[in-house]
> 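There's a structure below that I have some questions on.
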Amino acid sequence: MKALLYQQLTSIIAELQYPSVEVLFDKPKVEAHGDLTTNVAMMLAKSVGKNPRIVAQSIVEKLPVNDLFLSSVEIAGPGFINFRFAANYVVENAKRILLEHDSFGKSNFANNKRTNLEWVSANPTGLLHAGHGRQVLLGQVIGNLLEWTGHIVTREYYFNNAGNQMRTLAESIYIRYCQELGEDLPFLEEGYKGEYIVDIAKEIIAKKGDSLKNVGDDKSYFQKYGEEWCFKKIKKTLARLNVKHDVFYNEDTLYSTGKIKEVVEEFRKKDLVYDSEGAVWFRATSFGADKDRVIVKSTGEPTYRLPDIAYHREKFRRGFELIVDIFGADHIATIPDVLNGVKALGYDTDAVKVIIHQMVSFVNGEEIVKMSKRNAKTYTLDDLIDEVGVDAVAYFFVMRSVGTHLEFDIALAKEQSDKNPVYYLQYAHARIASILRHAAEEKFAVDLPLVMNENTDYSLLKEKEEIDLLKKLLEFPELVQNCAVSFEPHRLTTYLREVAETFHRFYHEHRVINDDKALMQARLTVCLMTKIVIANGCKILSVSCPEKM
RNA sequence: GAUCCCGUAGCUCAAUUGGAUAGAGCAACAGCCUUCUAAGCUGUAGGUUCCGCGUUCGAUUCGCGGCGGGAUCACCA
């Protein structure tokens, strides 16, 4: 609806021989200010040397006002031009919702941009804890948003199954194994203390008995078993949330194919590294950091920075035009080093978008839920899903902007009542489904093909609540785009809540099922359109839409 | 001490990315079901947007300086 208005205004500005400016629209906060507003007059006022209201007046005079397009055009405040669309125009536009149905909201905005989305990337040393949920769902929804806006998305999980932490995992399992067999061994200070380690040990005993007690230094069986066990669990948890990665990228391939070495050599050539105290240091200070960083330890093992740099270079080499990483705030320190390293290798780091989300705290009503990684009683993501359900988990983790700390109220998420925002949204969907069921019993067209064939008289839709609802629904495609380009999934939850609210108001004010058959059919169509938008939005959010509640 | 994020109603958070009178939910109060799902709707009350200065037609939003909270500052990942 914006496009036409944009065209008209641009040509009017040219006709009036004003300097050309980009015409931008906003949706006014206050309903009295119309459906759309523009500040072009104020932008032009400076260069034209006239009062903005006068400039606005000269533009407005050239705009037609009728019931086919604009029902009103007004100048307000310091020089805003406010537009209100005619009901007919809104209704005509809304038909595209039916035509596009499942695809309503999709676009090829990004023109099939090859995109890599990396997230979760937890190493297979344990289970996903509840706090991981934010990252899991953010990535899921951002991936969906990117796909809906014309990105070809490769969903990727980067992991490391070598090094210190894996040795610690093997040791931890081994000690539990021996303890379960009756040995009185002290546990590792820095070992993984979670109960799952004991579970793994018990499984190994069931399979192997005590035959591995005297393996000596070679704990590779325990390591491999532990890794596979953890990965299986992690993937199972992700699957419960419908999360599926296309690529599991093993850090080890960066070593085995020589990519790590290659990076160090190139850094050396460019004098970006130097040797000191037996280690190799990256000149982070020449990129503005407060101190240089070790990238190869004196033991010869790289620190995490080096493989991270090599990995990001590989993403570029694999042909990705957009590289999205999602990290928790606890990883914030590593990001500048990695980006600087990749830049030094000659890649455009503008193509790398790093999304950092703040941490999550859990409350159960008044009570604060503690969870520590090394604590035996870890509150896992599975526990959380068991407690509040998949839909609430999916919705709650994305409903706040990534920059703020998220307080997850378990009691609220669990509550099946009006307090819970997930139910509010799902209730609207179920309510519509119920209306459609009733209508179907009376032989009304409620399925998409039927509605499309029906001679629905859309001009019967003129009530304020009907038009408001349709306007709201028509915002959906642009909203999806905005959420995608700004990487802000929470705005989708805000929007869907508004859709539900606008629908509930419509429902309350006007009966859908009534004696006026033609009007009833038109209103059924509005219901169907609303159902489509809620369903599409929920699909992006990975939240289900029940037909009944 | 340094870097990054945050500070908005009693609580949890929005605010179309610089717009007009800062909005929702919860909590509080007052109403609405013999008719399509009351898991809903309507209304009342609640604010010096942490403080100060600056940028401009216009600041919750941008800049600088404070104050407060969180995260991170390894030859751990």
Side-chain angles (χ1 to χ4, degrees), chain A residues 25-30 32-33 37 39 42 45-46 52 76-80 82 121-123 125 159-160 163-166 168 190 251 277-281 288-291 293-305 307-308 328-336 356-359 361 363 399-409 412 415-428 430-439 475 478-479 482 486 488 490-491 493-495 497-498 500-501 503-505 507-514 520 523-524 527 548-549:
Chain A
F25 298 102
D26 280 314
K27 185 175 179 285
K29 284 180 192 163
V30 186
H33 295 156
T37 184
N39 62 352
M42 289 183 285
K46 284 174 204 165
F80 293 103
N82 298 336
S121 296
N123 286 330
T125 58
F159 71 98
N160 170 338
N164 263 328
Q165 38 166 0
M166 295 308 288
T168 307
E190 287 300 306
E251 180 183 324
E277 304 161 47
V280 183
W281 296 71
D290 55 341
K291 50 189 163 189
R293 310 287 184 181
V294 169
I295 57 169
V296 183
K297 297 186 246 176
S298 52
T299 59
E301 283 183 315
T303 63
Y304 64 89
R305 275 173 253 270
D308 273 3
D330 50 342
H331 282 69
I332 200 152
T334 80
I335 292 153
I356 298 158
H357 65 264
Q358 299 301 309
M359 308 313 277
S361 55
V363 295
M399 75 178 173
R400 305 302 184 205
S401 68
V402 298
T404 57
H405 290 88
L406 172 65
E407 183 163 292
F408 194 116
D409 189 337
L412 175 62
E415 192 155 347
Q416 307 208 351
S417 78
D418 55 336
K419 293 176 192 172
N420 192 328
V422 192
Y423 287 96
Y424 184 79
L425 178 57
Q426 293 182 322
Y427 183 65
R431 213 176 207 186
I432 293 169
S434 169
I435 295 170
L436 297 180
R437 275 194 300 272
H438 280 276
E475 291 171 20
E478 192 181 336
L479 181 105
N482 288 340
S486 61
E488 292 177 320
H490 76 277
R491 287 171 57 185
T493 62
T494 308
Y495 168 77
R497 211 204 60 80
E498 286 167 5
E501 185 180 34
F503 173 77
H504 286 311
R505 198 175 297 138
Y507 172 91
H508 188 260
E509 291 297 322
H510 307 286
R511 283 193 62 81
V512 175
I513 294 175
N514 61 51
M520 176 167 165
R523 284 186 178 159
L524 282 172
C527 290
K548 271 186 190 171
M549 284 174 79

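Heavy-atom basis, side chains included; hydrogens, waters and symmetry copies ignored. Every value quoted in this text rests on a predicted model; they were computed, and no experiment measured them. Just so we're on the same page: letters track the sequence lines, and every chain starts at 1.
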> Report the distance from atom NE2 of A/His357 to atom P of B/rU72, rounded to the nearest whole Å.
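In whole Å, B/rU72 P lies 12 Å from A/His357 NE2.
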> Write down the protein N/O and nucleotide N/O pairs, taken from nucleotides 1-7 of chain B, whose separation is under 3.5 Å; answer none if there are no such pairs.
from, atom 1, to, atom 2, distance (Å)
B/rC5, O2', A/Gln358, NE2, 3.3
B/rC5, O2', A/Gly403, O, 2.4

> What nucleotide, of B/rU37, B/rC57, B/rA15, holds the atom closest to the side chain of A/Met42?
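For the A/Met42 side chain, the nearest candidate turns out to be B/rC57.
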> Is there, by distance only and without an angle test, a donor paired with an acceptor across the side chain of A/Tyr423 and the base of B/rA39 below 3.5 Å?
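For A/Tyr423, whose side chain was compared with the base of B/rA39, there is no donor-acceptor pair (under 3.5 Å).
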> Which whole-number value in Å describes the distance from A/Leu436 CG to B/rU37 P?
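Distance, rounded to whole Å: 11 Å.
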> Which way is the base of B/rC13 turned, syn or anti, if we draw the line at 90° from 0?
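Anti, which is what one calls it when the glycosidic angle falls more than 90° from 0.
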> Round to the nearest Å and state the distance from A/Arg305 atom CZ to B/rA74 atom C1'.
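After rounding, the gap between these two atoms is 8 Å.
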> Whether the side chain of A/Ser298 and the base of B/rC75 hold a donor-acceptor pair under 3.5 Å is what I'd like checked.
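Check passes, donor-acceptor contact within cut-off.
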> Starting at atom OH of A/Tyr424, determine the distance to atom C1' of B/rA39, rounded to an integer number of angstrom.
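Taking OH of A/Tyr424 and C1' of B/rA39, I get 11 Å after rounding.
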> If you look at every strand shown and take non-hydrogen atoms under 4.0 Å, does A/Ala333 touch a base, only sugar-phosphate, or nothing?
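It contacts sugar-phosphate atoms only.
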> Both distances under 3.5 Å, Watson-Crick or G-U wobble: on that basis, could you give the dot-bracket string for RNA chain B, with [ ] for crossing pairs and | for other-strand partners?
(((((((..((((.....[...)))).(((((.......))))).....(((((..]....))))))))))))....
> Rounded to whole Å, please give me the gap between CZ in A/Arg431 and P in B/rA39.
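Checked: the CZ to P distance equals 8 Å.
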> What contact category does A/Pro52 fall into here, base, sugar-phosphate, or nothing, at under 4.0 angstrom with non-hydrogen atoms?
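Nothing, no nucleic acid heavy atom in range.
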> Confirm from the modelled atom types if A/Thr125 and B/rA77 form a donor-acceptor pair under 3.5 Å, side chain to base only.
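No, no donor-acceptor pair under 3.5 Å.
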> NA contact type, A/Ala76, heavy-atom cut-off 4.0 Å: base, sugar-phosphate, or nothing?
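A/Ala76: base contact, heavy atoms under 4.0 Å.
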> Judged by modelled atom types alone, do A/Arg431 and A/His504 share a side-chain donor-acceptor pair under 3.5 Å?
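A/His504 and A/Arg431 do have a side-chain donor-acceptor pair below 3.5 Å.
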> Classify A/Ser486 by what it touches in the nucleic acid, base, sugar-phosphate, or nothing, heavy-atom distance under 4.0 Å.
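It contacts base atoms.
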> Using atom P in both nucleotides, what's the gap between B/rA38 and B/rA28 to the nearest angstrom?
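The same atom, P, in both gives a distance of 22 Å.
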> Check whether any side-chain N or O of A/Thr334 sits under 4.0 Å from OP1 or OP2 of B/rA77, and answer yes or no.
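Looking at the OP1 and OP2 atoms of B/rA77, neither is under 4.0 Å from any side-chain N or O of A/Thr334.
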> Measure from NE2 on A/His504 to C1' on B/rU37 and round the result to the nearest Å.
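Taking NE2 of A/His504 and C1' of B/rU37, I get 10 Å after rounding.
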> For B/rG19, does either OP1 or OP2 sit under 4.0 Å from a side-chain N or O belonging to A/Lys27?
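A/Lys27 to B/rG19 OP1/OP2: no side-chain N or O under 4.0 Å.
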> Applying a 4.0 Å non-hydrogen cut-off, can you work out what A/His331 is touching in the nucleic acid: base, sugar-phosphate, or nothing?
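The residue A/His331 makes base contact.
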> May I have the distance from A/Ile335 (atom CD1) to B/rC73 (atom P), rounded to whole angstrom?
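Interatomic distance, CD1 of A/Ile335 to P of B/rC73: 12 Å.
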> For A/His33 and B/rA20, do the ring centres fall under 5.5 Å apart while the planes stay under 30° apart?
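Answer is yes, a stack.
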> Please determine whether a side-chain nitrogen or oxygen atom of A/Lys29 lies at a distance below 4.0 Å from atom OP1 or OP2 of B/rU60.
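For B/rU60, neither OP1 nor OP2 has a side-chain N or O of A/Lys29 closer than 4.0 Å.
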> Determine the contact category for A/Arg491: base if any of its heavy atoms lies under 4.0 Å from a base atom, sugar-phosphate if only primed atoms, P, OP1 or OP2 are that close, otherwise nothing.
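Base, at least one base atom sits under 4.0 Å.
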> Flag as yes if A/Tyr507 stacks onto the base of B/rG40 (centroids under 5.5 Å, planes under 30°), otherwise no.
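One would not call A/Tyr507 stacked on the B/rG40 base.
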> Could you check whether A/Asp26 and A/Thr37, counting side-chain N and O atoms only, form a donor-acceptor pair closer than 3.5 Å?
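No, A/Asp26 and A/Thr37 have no side-chain donor paired with an acceptor closer than 3.5 Å.
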> In whole Å, what separates the P atom of B/rA77 from that of B/rA71?
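Pairwise P distance, B/rA77 against B/rA71, rounds to 22 Å.
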> Per the atom types in the model, does the base of B/rA20 pair as donor or acceptor with the side chain of A/Asp26 at under 3.5 Å?
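Donor-acceptor pair under 3.5 Å: no.
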> When you check the phosphate oxygens OP1 and OP2 of B/rU42, does a side-chain N or O of A/Arg505 lie under 4.0 Å from one of them?
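For B/rU42, OP1/OP2 do have a side-chain N/O of A/Arg505 under 4.0 Å.
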> What about A/Glu277: does its side chain form a donor-acceptor pair under 3.5 Å with the base of B/rC75?
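Such a pair is found, so the answer is yes.
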> Using the C1' atoms only, state how far B/rG58 lies from B/rG19, rounded to an integer number of Å.
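About 7 Å, rounded to a whole number of Å.
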> Write down the distance between CD (A/Gln426) and P (B/rG40), rounded to a whole number of angstrom.
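To the nearest whole Å, that distance equals 12 Å.
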